[in-house]
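One structure below.
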Amino acid sequence: MPELPEVETTRRGVEPHLAGRRIAALNVRDPRLRWPVAPDIADRAEGQRITAVDRRAKYLLIRLETGSLMLHLGMSGSLRIVPAETPLRTHDHLDLILDDGHRLRFHDPRRFGSLHWVAHGTEHPLLARLGPEPLEEGFDGAWLRRALAGRRAAVKAALMDASVVVGVGNIYASEALFRAGIHPTRRAGRISRQRLDRLADAVKSVLSEAIAAGGTTLRDFYGGDGQPGYFRQSLSVYGRAGEPCPGCGEPVRQRVIGQRSSYYCPRCQR
DNA sequence: CTAAGGACCTGTCGGC
DNA sequence: TGCCGACAGGTCCTTA
């Protein structure tokens, strides 16, 4: 489920319930995630006060006094805040037990998610080579020109490369290219500066609109299922093969680029 | 350095 | 109804 808007929506949903609380325990029910969860991670975290919940790319960083818990939702992960006696479902792999009795529960059928410990003053290797945040200073057409210069790969694949910009997943890569009028197979290094400006703007607008929509669907992290709705109706091309392009009516096409399904309008995107 | 393909996992869906 | 292959929102790692 998680693209950047959902990770950010999740962050905003859980932070108020976590910040200021103390960790009573960390239950690792199944350590077999993308990387095995370190056996000593519970000992490191237990007893510490949570100061904030941040995000870098699609990693959530639960800030503690001596370091951070770094959590990735992978392809199928989700978080809920649940009361103490909430029955477990299959694939509920982790519980962060808070001093108010609530639990932050991590659910992940495919187990592509991960949990790492990052000590204060150290940088985790998984974060070391990441490109800029799409919604912060440093990401614009000028950056794209530098990052994509000389690249022969399809622009859609390049846009999903985390060293170019973080957080643009398969859905929003298609959506941003549609908004910018750029064909997904166009070679990344052969796009004019003006069109790269448009592309950077499209990435920003599509992600921030999705975050805004996600915020409205996320009402109550207690009790509810905690899953923000997925804003299919607001997507222009993703998952809409054969449906009319919202710009010109031409049927939306689907093809595989870099092993991922891609959607585009053959008329509006060049 | 870049690009391409495989790998990790489970669940769901469509076709026969 | 049952089985089988294709596919799913991520991304690291290996190989060329």
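The sequence lines fix the lettering, A, B, ..., with proteins before strands; numbering per chain opens at 1. What you see is a predicted model, and the numbers here were worked out from it, not measured in a lab.
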Thinking salt bridges, do [X] and [Y] make one under a 4.0 Å N-O criterion?
{"X": "A:Glu65", "Y": "A:Arg22", "answer": "yes"}
{"X": "A:Arg29", "Y": "A:Asp92", "answer": "no"}
{"X": "A:Arg179", "Y": "A:Glu175", "answer": "no"}

Original post:
Paired with B:dC9: which nucleotide, if any, by Watson-Crick or G-U wobble criteria at under 3.5 Å for both distances?
Top reply: none
In this structure, how many angstroms lie between the [atom2] atom of [N] and the [atom1] atom of [X], rounded?
{"X": "A:Asn170", "N": "C:dT11", "atom1": "CG", "atom2": "P", "result": "11 Å"}
{"X": "A:Arg89", "N": "B:dG11", "atom1": "CZ", "atom2": "C1'", "result": "14 Å"}
{"X": "A:Arg110", "N": "B:dT12", "atom1": "CZ", "atom2": "P", "result": "12 Å"}
{"X": "A:Leu159", "N": "B:dT2", "atom1": "CG", "atom2": "C1'", "result": "17 Å"}
{"X": "A:Tyr59", "N": "C:dT11", "atom1": "OH", "atom2": "C1'", "result": "7 Å"}
{"X": "A:Arg56", "N": "C:dT11", "atom1": "CZ", "atom2": "P", "result": "12 Å"}
{"X": "A:Met160", "N": "C:dT11", "atom1": "CE", "atom2": "P", "result": "8 Å"}
{"X": "A:Asp108", "N": "B:dC8", "atom1": "CG", "atom2": "P", "result": "16 Å"}

As a test of reading the structure: which of [options] is closest to the side chain of [X], going by heavy atoms?
{"X": "A:Met75", "options": "B:dG11, C:dC12, C:dA8", "value": "C:dA8"}
{"X": "A:Gln259", "options": "B:dG5, B:dC9, B:dA3", "value": "B:dG5"}
{"X": "A:Lys58", "options": "C:dT11, C:dA8, C:dC12", "value": "C:dT11"}

**OP:** Have a look at A:Arg129 and say if it touches a base, only the backbone sugar-phosphate, or nothing, with a 4.0 Å heavy-atom cut-off.
**Re:** nothing
Original post:
Contact class for A:Leu73 (heavy atom, under 4.0 Å): base, sugar-phosphate, or nothing?
Top reply: nothing
Original post:
If the P atom of B:dC9 is compared with that of C:dC3, how far apart are they to the nearest Å?
Top reply: 24 Å
Original post:
Are side-chain N/O atoms of A:Gln254 and A:Ser262 paired as donor and acceptor at under 3.5 Å?
Top reply: no
On the nucleotide [N], are OP1 or OP2 found under 4.0 Å from the side-chain N or O atoms that [X] carries?
{"X": "A:His91", "N": "B:dG11", "answer": "yes"}
{"X": "A:Tyr172", "N": "C:dG10", "answer": "no"}
{"X": "A:Arg151", "N": "B:dA3", "answer": "yes"}
{"X": "A:Arg260", "N": "C:dG10", "answer": "yes"}
{"X": "A:His72", "N": "C:dG10", "answer": "no"}
{"X": "A:Ser261", "N": "C:dA8", "answer": "yes"}

**OP:** Kindly state whether the pair A:Phe112 / C:dT11 counts as stacked, where counting means centroids closer than 5.5 Å and planes tilted less than 30° apart.
**Re:** no
Subject >> Side chains of A:Gln269 and A:Leu177 in contact at under 4.5 Å (non-hydrogen atoms) >> reply: yes
**OP:** Let me know which of A:Lys204, A:Lys58, A:Arg55 forms a salt bridge (Lys or Arg N to Asp or Glu O under 4.0 Å) with A:Glu133.
**Re:** A:Arg55
Original post:
Does any N or O donor sit under 3.5 Å from an N or O acceptor when you compare the side chain of A:Arg111 with the base of B:dC9?
Top reply: no
Subject >> Distance-only donor-acceptor test (3.5 Å): side chain A:Arg152, base B:dT2 >> reply: no
